[in-house]
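Proteins come first, then strands; the chains are lettered A, B, ... in the order of their sequence lines, and each starts at number 1.
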Amino acid sequence: MINTGAPGCVTDKIPLNDVQKQAVLYSEGPELVFAGAGTGKTRVLTAKIAFLIQEKGVYPNRIFSATFTNKAAREMRERVESLVGIPCDSLWIGTFHSLCVRILRREAPVLGYKSSFTIYDRDDQKAVIKKVLKELDIEERSIPPKRAIQAIARFKNQCMRPAEAENRAGGFCEEQIARIYRRYTAVLSAANAMDFDDLITNTVYLFTKEPAVRKAYQQRFSHILVDEYQDTNNSQLHFVKNLAGSNPNVFAVGDDDQSIYGWRGANVENILNFDKHFANTKIFMLEQNYRSTNPVLDFANALIVAGKKRSPKKLWCTVKTGTPVQIVRYEDDRQEASVIYEQIQKLGSTGIKPGSVCVLFRTNAQSRAFEAEFRKRNLPYVLVGAMSFYERKEIKDCCAYLRLVINRSDDVAFERIMNTPARGLGDKSKQALQQLARKTGKSMLETVLTQDLSQLGARAQKGFESLKDLFSLLIQMNDEGDSPQAILEQVLEGSGYLSMLEKEDTEESRARIENINELHTTMGFWKNEQPGKHLGDFLEEVSLATDVDKWEKQEGAVNLMTLHCAKGLEFDAVFIAGCEEGIVPSALNFEDPQRLEEERRLLYVGATRARKILQCSFTQQRWRFGSVMTMEKSRYLDAIPPGLYSFTDRGFGNMAVQDSDDQPDTDDQSNHDDTGEFSQETVQYRLGQFVVHEKYGRGKIVNLSGFGGDLRLTVLFDDRRRRRLIARAANLSPA
DNA sequence: CTCCCGCTATTTTTT
DNA sequence: ATAGCGGGAG
């Protein structure tokens with residue numbers, strides 16, 4: 001048996017409650033841990049890996065562990081290392097995508113790829129689709145590229161190859177889409193490129209096509225662990241099943257209440273039916289929350305219990321006191337931003353620094369009002385997600401040059417930079433080159449590098465010659481082992497990209513140069529940390545990196561991000577802005593009951609990020625699409641019992657802070673009336689709590705607003721009169 | 001071939 | 001409000 005009691009056992013080094021401990025120690029086969037928000041999910045996962053390595057003697061390279069972000073993977077590796085006390089470089093831990101890339105780089109030839117294949121992002125996909133549409137003579141307005149991309153993603157999620165898609169297509173439109181899919185696949189394959197979905201799907205395809213390869217990987221990994229299991233999609237499920245084979249050591253952690261990626265193919269059924277896919281599954285439920293105060297938790301619970309089709313569970317915690325959750329109505333988005341700014345300022349006096357405050361919103365566009373406000377008031381902020389660094393045009397241009405050095409077949413990259421900066425290579429020259437390329441069966445860059453271009457016009461010839469010279473040099477530099485930095489420098493000088501920006505000399509072009517410098521600096525740091533790696537590795541990291549991966553908390557800077565981005569994070573204070581019909585839930589999901597449930601969960605995810613302070617706000621008017629729109633409070637807020645929050649109205653005609661017109665002037669509305677608990681120093685007020693005022697006598701708190709020194713109470717006194725008091729000045733004592 | 005003007009749709013969410 | 005795109009002039 002396992003020696004769990006031995007001193008130095010990992011379960012002794014890391015504090016675990018009973019259920020957590022059982023989940024870590026369980027070793028009898030498939031295991032599913034339902035881990036509610038803030039219940040120590042990461043802790044269990046980390047302890048589990050450390051336990052396997054240290055107590056069960058499993059070699060790190062036999063553990064396969066999928067996380068949701070690269071950042072999570074990095075942190076988990078570090079924690080495991082500190083627990084077991086040895087480096088665990090050989091541990092396979094990362095996102096599904098990065099782990100699959102690792103497999104695919106080794107096995108690429110089996111699938112007809114070179115292992116230097118490029119990873120195409122959304123923009124690259126779009127460029128390919130546009131090209132394909134033109135080629136197939138399909139108008140963009142009959143099948144918008146966006147729709148084609150979605151359709152292809154669906155095919156891939158179902159692990160359906162073009163042939164099958166064509167067979168199944170019914171009706172003209174579906175046939176067209178299947179044709180697009182076939183052609184798209186061919187273009188990517190010719191470019192030696194894979195899109196994000198391919199990374200999973202091609203690995204599954206590899207396993208199906210080559211049983212020997214599958215078997216080798218099955219034998220290689222003795223344990224498979226998956227985090228955020230509720231966000232896995234169909235192809236990922238297939239991947240896990242394929243990798244596991246008959247191996248029962250599959251461990252999944254997740255929370256169906258936090259499933260918010262249905263729109264990109266994630267299937268909650270995966271977690272709800274886990275025990276059907278993996279026989280004899282043992283299920284553990286983590287319900288004790290270590291993150292939030294009671295008011296936050298009660299609020300979040302109320303938000304989520306109204307949902308349908310979920311595994312029943314209820315989070316609880318031992319911290320019974322805390323600031324009530326606030327729901328606030330604002331006039332408009334400008335006021336929302338400015339009052340939230342003021343509240344963040346005031347939080348400072350309660351010891352909550354801007355760095356542990358987060359403003360959450362549904363759409364990236366909502367960040368503008370906050371950015372404007374914070375900039376005006378000189379409050380530093382970090383905008384996570386949104387336009388990520390690597391999505392900027394100048395960065396993508398640089399990366400396109402670099403990509404071509406690694407993969408000469410990458411025609412999308414070639415077309416991108418062919419005439420950037422301008423080399424006199426317009427549409428005509430492009431077509432001429434493409435024709436030549438088609439004849440020789442080579443890619444565009446290879447054609448430029450190896451073919452005789454003398455039939456082309458003098459101007460075009462000159463342009464292509466300069467590209468030939470540039471890339472000959474770049475490729476040579478890379479072959480000789482020059483650093484990514486040096487190669488980037490040569491791109492910037494040799495292509496004229498830098499002088500183009502310098503000549504432009506606008507505020508924008510200066511910012512672009514700044515960004516390019518940042519890329520250069522990043523490369524330097526990267527190379528320092530990973531001396532053995534090359535340009536190709538850097539580009540791979542870039543294409544799989546998310547903004548959250550890079551995000552680091554800064555003491556003085558408020559965090560701004562979308563609700564999706566906030567998953568897995570936590571903050572002392574959380575403001576969820578724009579809780580309005582049409583925003584949460586998004587108007588685009590009004591018609592779909594399943595997606596409406598997902599929107600509810602999105603709000604739940606947001607709410608459970610808060611440790612101490614939570615505010616949900618909505619506005620009466622909002623600037624959208626360049627005009628003012630009238631907004632309504634989100635339906636999800638309506639469903640919450642009034643006793644679980646305090647309402648502040650700062651809407652039109654409510655200059656002063658006003659009370660909601662709460663109905664019950666009766667005592668005892670909810671379970672909030674247990675024994676009054678107060679933390680030692682600062683007196684905490686709670687809804688429903690009884691207090692004594694020296695003049696007005698005994699009364700019950702029926703509403704709270706504001707924070708810290710600005711905390712205002714509405715007290716219903718025994719004389720049946722409501723009075724609004726400033727908590728600090730009122731000199732109240734507990735009854 | 002390049003540049004610039006004005007029209008348009010766009011706002012979900014991201015590995 | 002604004003980025004991206006097409007059309008027309010130089």
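For the pair A:Arg105 and A:Phe117, the cation-pi test (distance below 6.0 Å, angle within 45°) is passed. In this structure, A:Lys567 is positioned above the aromatic face of A:Phe68, its NZ or CZ under 6.0 Å from the six-membered ring centre and within 45° of the axis. Both tests pass for A:Arg264 against the ring of A:Tyr261: distance under 6.0 Å to the centre and angle within 45° of the axis. A cation-pi arrangement is found for A:Arg102 relative to A:Trp92, the charged atom lying closer than 6.0 Å to the ring centre and inside a 45° cone about the ring normal.
Between A:Lys130 and the phosphate of C:dC5, there is a side-chain N or O to OP1/OP2 separation shorter than 4.0 Å. Checking the phosphate oxygens (OP1, OP2) of B:dT13, a side-chain nitrogen or oxygen of A:Asn364 falls inside 4.0 Å.
Within residues 139-160 of chain A, no residue places a heavy atom under 4.0 Å from DNA chain C. Shown for residues 622-636 of chain A: residues whose heavy atoms fall under 4.0 angstrom of DNA chain C, namely A:Phe625, A:Gly626.
Between A:Met76 and A:Ile93, the shortest heavy-atom contact is CB-CD1, 3.8 Å.
Crowding of A:Glu632 atom CD: a count of heavy atoms from other residues, nucleotides or ligands under 6.0 Å not exceeding 12. Atom CZ of A:Arg368 has 12 or fewer heavy atoms from other residues, nucleotides or ligands within 6.0 Å. Surrounding CD of A:Glu75 are more than 12 heavy atoms belonging to other residues, nucleotides or ligands, all under 6.0 Å away.
The OH atom of A:Tyr261 sits 7 Å away from the C1' atom of B:dT13 (whole-angstrom rounding).
Residue A:Leu425 is the one, among A:Arg595 and A:Leu425, whose nearest nucleotide of DNA chain B lies closer to the 5' end (criterion: closest heavy atom).
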